[in-house]
Each structure stands twice: as C-alpha cells, then as structure tokens.
Protein chains: 2
Amino acid sequence: MLLSKSCVYGLRASLYLSAKQDEYISIREISEKLDISFHFLTKILQQLTADGLMESYKGPNGGIRLSPKGRKATLLDIVIAIDGPELFTQCALGLPGCGSEDPCPLHESWLGTRTAISNMLEKTSLEEIAKEGKQNRFRISAGGTFNWS
Amino acid sequence: MLLSKSCVYGLRASLYLSAKQDEYISIREISEKLDISFHFLTKILQQLTADGLMESYKGPNGGIRLSPKGRKATLLDIVIAIDGPELFTQCALGLPGCGSEDPCPLHESWLGTRTAISNMLEKTSLEEIAKEGKQNRFRISAGGTFNWS
DNA sequence: TTATTTTAAGACAAAATAGTCTTAAATAAA
DNA sequence: TTTATTTAAGACTATTTTGTCTTAAAATAA
C-alpha cells in the first residue's frame, strides 16, 4: 500500500473540508459522510491540527476547518504530516547506505519514480483541488455521495 | 512504505540468488549475508517456491535457487507474488467506485504514477540485473558487503 | 449555574504484520 | 541404519496499525 489508512482518511477529510467555506465542520459530520470511524478520525485530525494545517474549536457549533496554511497546502503536506517523509527520502529496499556512490539495483529509477509520486501529490493545493472538485464532482467516499455543491 | 518488509526481503534474496549459478544455496547463508531472520526468510521463500519462481531441495547441500521461470522474472513478479497486485490495480485512496467515469481527485495522475512504479520494477529481469550487478556491484545489504563476483 | 455539545486525551482491544521457536519430513553421508 | 543437514509447517510471541470506548476539558446556551 502506498499510503497508510490513516493517511488516506486524513486526505479525504482534508478534501471534504476544502469544499467548505470557513465555518467549523463537526468531525462527526465528516466521519458519517465519509464513512470513517469517528474517534479514529478525530485522532488523525488532531495530528493535522497540531501541525497547523487545521484549526479546531470546542463546544456547540464547534468543529474543525482548514487553517489558511492548510488551504494553501498540497496533498503532499498532508501525507508527510501523517505518514512522515520516509517514502520520499528512503531507499526503495530500505538499505541505509544506498546512494549514488553505492546504489541498490533500484536506486536510479527509484529517484525518478518517487519524484513522480511527490509531483502527483504536490502539483495542486487543496484550494485548487476544491475548485476542480466543484467542476468535476470528484469522488472522495466509497458511496460517491459527497456533494461538492 | 511502498513495499512490505516481507517483499523487500524477498527481492533482496532473489537478487542474491540471481548472482549465483544453478547450485542450491542454503537459506541460512542468504539470511546471514543479508542479515534477515532465517525462519522469516524461509517462509517468504516458500511463497516464491509455491509460485514457481524458485526451487528448493532438502537435505545436506540442499537449499534454494531461482527456477528458469524465476531467472526470467522481473522484480514486479516478485512484488506481486508477495504483496499482491493491489498497488497496481487500486485507487490511490482505496475508493471502490473510483474510475475514469467517477474519479477521485488523484485518479488521472495516479494512473500514470503507478505505471511508473510498475515500469521501474518490470524493465529488467533478474538475469539482466545480475549482469549489471556484476558490473556495478549493486548494494543489496545494509552493510554493503555482498560480493557479486 | 446547569445541561448540552463539541474536541482532546488516553486507556484499551482487534487485526495485520513481523519475527521466533519447535517439530516434522526429506535427503545425503557416514 | 544412524546421524547430520536442510527445507516445510505450524504454533507461538512481539510490534505496529487500526479501531473502540470512556472521561476530561472547553465552549455555548438555557
């Protein structure tokens, strides 16, 4: 699996929030609409909040929203916040000493491939994806029922 | 992580065997040279044997070797035998209904990226990598002590 | 103030992955 | 035949990831 489940949940929730305005959205709503365990999602979003990508507010009409930083962020920022940077820094075979001077058999092509992965995640901000989403009605749930409006 | 640990161990053992002639190599030797748990490696290699990519022989001077099929195989064949094909067939967000008619935000670029990954793993057979390895002395262990000879 | 709604935090459980250990079966050599 | 060497098989443990549940803390409104 390229991305952990936690990471995928974090990405989908970020996409959900990107379609909303600045109001706080309850995690309960997100978890129900995207069919993700509420408590599990809460933990993941706490990470993103700690990272400054989201802002939360307690109490009635509280919830979570993307911070300004989060709106400018790309999917790569979310992935690194949750799964860490290893995918984009390490040898494909996990060999500590692998490098251009002493490469594993995959070294050269892995450099290109992992750049392709990071480009894929980096090329558009959440803000921009939200715009495209409103045009293209991108799927972000298994049921495909999310309304980008 | 792109590949599971089991998968990486299987790849490194395959590369080790690719450098050898047709004789049986003991799993003990591979596990010591590549610093992989012996019993764990045994299980992984049993999978590859069951898949017809390797051949094993019990008893003194027994061991394991690549089958003719295994010599012609690519790293992609090893990866699919151990981690399964999901990485190359599924949506990046794991959404069941994602497809060109109803895509997730990553759908289009993921098609290209996952092809890049599979090309990376598919472009050379173990046989060919072994030739290159003998020229380039590719690293396949953390210590980097493997002798392609 | 009191009750309600929400996130925060952390204990706990379940499932998947990774790793260890013991015994069985096959083979070869003494 | 007996012993040693090797893979096969499976029970078992440890760790990581995923998921659940309870309580605390903050905020709002009655």
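All figures in this text were calculated on a predicted structure; none of them were measured in a lab. Letters A, B, ... mirror the listed sequences (proteins, then strands); counts begin at 1.
- A donor atom on one side chain and an acceptor atom on the other are found under 3.5 Å apart for B:Glu128 and B:Ser125.
- Nucleotide C:dA8 holds its P atom 13 Å from the CD1 atom of A:Ile44, rounded to whole Å.
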When the side chains of residues 75-101 of chain B are checked against the rest of the protein, which donor-acceptor pairs come out under 3.5 Å, sequence neighbours left out?
| unit_1 | atom_1 | unit_2 | atom_2 | d |
| --- | --- | --- | --- | --- |
| B:Asp77 | OD2 | B:Thr74 | N | 2.8 |
| B:Asp77 | OD2 | B:Thr74 | OG1 | 3.3 |
| B:Asp83 | OD1 | B:Ser4 | OG | 2.6 |
| B:Asp83 | OD2 | B:Ser4 | N | 3.1 |
| B:Asp83 | OD2 | B:Ser4 | OG | 3.4 |
| B:Thr89 | OG1 | B:Pro85 | O | 3.4 |
| B:Thr89 | OG1 | B:Glu86 | O | 3.3 |

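- The side chain of B:His39 lies closest to C:dT20 when the candidates are C:dT20, D:dT6, C:dT6.
- If you take CZ of B:Arg65 and P of D:dT7, they are 13 Å apart, rounded to a whole angstrom.
- Here C:dG19 presents its C1' atom at 13 Å from CG of B:Asp35, a figure rounded to the nearest Å.
- Protein atom NZ of A:Lys58 is 14 Å distant from nucleotide atom P of C:dT6, rounded to whole Å.
- Within 4.0 Å of A:Leu45, counting heavy atoms only, lies no atom of the nucleic acid at all.
- Each of A:Glu23, A:Gln21, A:Glu55 was scored for a side-chain hydrogen bond (donor to acceptor under 3.5 Å, both in side chains) with A:Arg65, with one residue passing: A:Glu55.
- A:Lys33 places no side-chain N or O within 3.5 Å of a backbone atom of A:Arg28 that could act as its donor or acceptor partner.
- In this structure, A:Ile64 atom CD1 and D:dA27 atom C1' are separated by 16 Å, rounded to whole Å.
- When each of B:Ile25 and A:Pro60 is assigned the nucleotide of DNA chain D bearing its nearest heavy atom, the one mapping closer to the 5' terminus is B:Ile25.
- Of the side-chain N and O atoms in A:Thr49, none sit less than 4.0 angstrom from OP1 or OP2 of C:dT7.
- The phosphate of C:dA28 has OP1 or OP2 within less than 4.0 Å of a side-chain N or O from B:Tyr57.
- Looking at heavy atoms from C-beta onward, A:Trp148 lies out of side-chain contact with A:Gln135 at the 4.5 angstrom threshold.
- Between the CD atom of B:Gln46 and the C1' atom of C:dA25 there is a distance of 12 Å, given to the nearest Å.
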Evaluation steps, side chain to side chain contact (heavy atoms under 4.5 Å, CB included), between B:Arg137 and B:Asn147: CA-CA 7 Å; B:Arg137 320 216 136 261; B:Asn147 186 359; 3.3 Å; yes
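- Residue A:Thr42 places its side chain closer to C:dA8 than to any other of C:dA28, C:dA8, D:dT7.
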List every contact pair, protein side and nucleotides 14-19 of chain D side both N or O, where the distance is under 3.5 Å.
| unit_1 | atom_1 | unit_2 | atom_2 | d |
| --- | --- | --- | --- | --- |
| D:dT18 | OP1 | A:Lys5 | N | 3.0 |
| D:dT18 | OP2 | A:Ser6 | OG | 3.3 |
| D:dG19 | OP1 | A:Tyr9 | OH | 3.4 |
| D:dG19 | OP2 | A:Tyr9 | OH | 3.1 |
| D:dG19 | O6 | A:Lys43 | NZ | 3.2 |

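- Of the candidates C:dT27, C:dT7, C:dA29, C:dA29 carries the atom nearest the B:Asn61 side chain, counting heavy atoms from C-beta on.
- Rounded to whole Å, the distance from OH on A:Tyr24 to P on C:dT6 is 15 Å.
- Atoms CZ (A:Phe38) and P (C:dA9) sit 14 Å apart, rounded to a whole Å.
- Residues B:Asp22 and B:Arg71 meet the side-chain proximity criterion, which asks for heavy atoms closer than 4.5 Å.
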